[in-house]
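Just so it is clear, the model here is predicted, and its values are computed rather than measured.
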Amino acid sequence: MNEPHQTRTEGRDLPNAGRRNLLKLTGAGVAAFGAGSLFTPLDAKARNMSDEWDKTFPQSENVDHEKVSFTNRYGITLSGDLYLPKDRSGAMPALAVGGPFGAVKEQSSGLYAQTMAERGFVTLAFDPSYTGESGGEPRNIASPDINTEDFMAAVDFLGLHGSVDRERIGVIGICGWGGMALSAVAVDKRVKAVAASTMYDMTRVMSQGYDDGMTPEQRAETLETLSRQRWEDAEAGAPAYQPPYNELHGGEAQFLVDYHNYYMTPRGYHARAVNSGNAWSITTPLSFMNLPILTHIAEISPRPVLLIHGENAHSRYFSEDAYAAAAEPKELLIIPGANHVDLYDRMDVIPFDRLAAFFGQHLAA
């Protein structure tokens, strides 16, 4: 969810505030950030898992829900929502669900997880490290390595759960976590099938700009600015943060308006989400600049890949290029008339029946 083409100082034509500002960092406009705006991190008490239903979607009567936690390979405790079909018996197929980049499990990933649980899967939606109710300090930091690991840690958890057949685990990644999902499954051979919906390759967009439009001069300037920001952060003893994401000031491209209409309205707003008026640290893009996460996507084969994207999404090229690079079996499903954000929460647009059929076939006993 960060975009290339970032030569615009204002960054207003970038998608989502989160992306827009990260992209501001990936273009000539990065110099305008300076020390950025400080984000007040949530304290440890605020990150304790809430027992109340604080999702952006209604609770299903056909699914049992429980809050869970598990630890990744780096010792960070992750918070998750586990959804189980009420009508269940024996060891069942399971899905780990993550995304979008900058969102929390109470938003799109939770909706996907609960809906797939209604269709007969044990599902786990989780907050990435350093965000939401998950652990990690400082707050609102992202890493292509740690966030890929978060998916594999979710697979660890599911494989040890008494209701799950560990030989029938799949993964769903949404938006920026679609790329993380593909990266994780390429190396984690325990996963039998993967679907990515409205996918972003965060390493590509941060390092090359939207549509790969970043020039070598812009990249060099961005890295110079981010590198020197590290001294400011070290001197301050805490990271500086980008301006609040997804606030509109007028003149933004339509896809930025779409992000605002999801993250900053009752439709999808959640106080813990980075994209709902919060922000990533200024230096978050640094590790993304050198690490192309989809280099080995062909190694997912012979396990199947399903890529889903909206016909009118600004990000459609990410899925098209991933499809071209993947090996068989693979499928690219383009949803007529849909934009990027439609696949976050529109029940009449998200192809849940196709997702259920895909995982039902490839996670069969």
Side-chain angles (χ1 to χ4, degrees), residues 1-3 6-12 14 16-48 72 74-79 101-104 127-147 149-150 176 202-203 205-207 214 218-247 249 263-264 270-291:
M1 315 187 96
N2 293 357
E3 302 117 347
Q6 279 4 296
T7 60
R8 308 148 180 142
T9 304
E10 292 289 320
R12 290 181 184 174
L14 305 179
N16 127 11
R19 290 156 228 200
R20 170 208 333 192
N21 294 308
L22 272 184
L23 290 180
K24 288 177 175 182
L25 295 179
T26 61
V30 68
F33 278 98
S37 58
L38 290 178
F39 171 74
T40 303
L42 300 173
D43 61 23
K45 181 178 180 181
R47 290 197 302 277
N48 289 340
N72 70 12
Y74 295 101
I76 299 169
T77 299
L78 303 182
S79 172
F101 189 80
V104 289
D127 286 330
S129 296
Y130 306 104
T131 65
E133 293 181 316
S134 288
E137 294 287 347
R139 303 304 294 166
N140 293 7
I141 303 291
S143 160
D145 179 25
I146 295 174
N147 294 151
E149 157 63 22
D150 289 342
M202 298 307 304
T203 53
V205 74
M206 285 200 226
S207 65
M214 183 186 295
Q218 290 166 351
R219 177 180 169 88
E221 182 178 355
T222 296
L223 290 173
E224 177 74 22
T225 301
L226 296 180
S227 298
R228 291 188 173 277
Q229 181 65 44
R230 292 183 62 103
W231 270 328
E232 296 190 25
D233 291 353
E235 185 176 29
Y241 288 81
Q242 299 168 37
Y245 286 0
N246 291 315
E247 293 184 352
H249 304 283
Y263 286 111
M264 299 298 286
H270 199 284
R272 288 192 293 270
V274 176
N275 292 339
S276 290
N278 299 308
W280 296 108
S281 72
I282 288 179
T283 58
T284 284
L286 270 174
S287 62
F288 287 81
M289 299 288 279
N290 277 354
L291 294 176

So, taking the atom named [atom1] in [X] and the one named [atom2] in [Y], what distance separates them when rounded to the nearest 0.5 Å?
X    : Y    : atom1 : atom2 : answer
M202 : N147 : CE    : CG    : 10.0 Å
T225 : I282 : OG1   : CD1   : 10.0 Å
L223 : L286 : CG    : CG    : 6.5 Å
F101 : F288 : CZ    : CZ    : 4.0 Å
Y130 : I146 : OH    : CD1   : 4.0 Å
N275 : H270 : CG    : NE2   : 13.0 Å

- Message: Any donor-acceptor pair under 3.5 Å linking the side-chain atoms of T284 with those of S281?
- Response: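 Their side chains do contain a donor-acceptor pair, which is all the 3.5 Å distance test asks for.
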Does any N or O in the side chain of [X] come within less than 3.5 Å of the main-chain N or O of [Y], such that one atom is a donor and the other an acceptor?
X    : Y    : answer
S287 : S143 : no
N278 : Y245 : no
T131 : D127 : no
N72  : E149 : no

Which atoms form the tightest heavy-atom contact between [X] and [Y], and what is the distance?
X    : Y    : answer
T283 : Q229 : CG2-CG, 3.6 Å
G135 : I76  : O-CG2, 3.3 Å
E133 : S79  : OE1-OG, 3.4 Å
A103 : P128 : O-CD, 4.4 Å
L291 : P144 : CD1-CG, 3.7 Å
M214 : M206 : CE-O, 3.6 Å

- Side-chain touch V104/V274, heavy atoms, less than 4.5 angstrom: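 Counting from C-beta outward, V104 and V274 never come under 4.5 Å.
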- salt bridge (charged side-chain N to carboxylate O under 4.0 Å, His left out) between R228 and E232, worked out: CA-CA 7 Å; R228 291 188 173 277; E232 296 190 25; over 6 Å; no
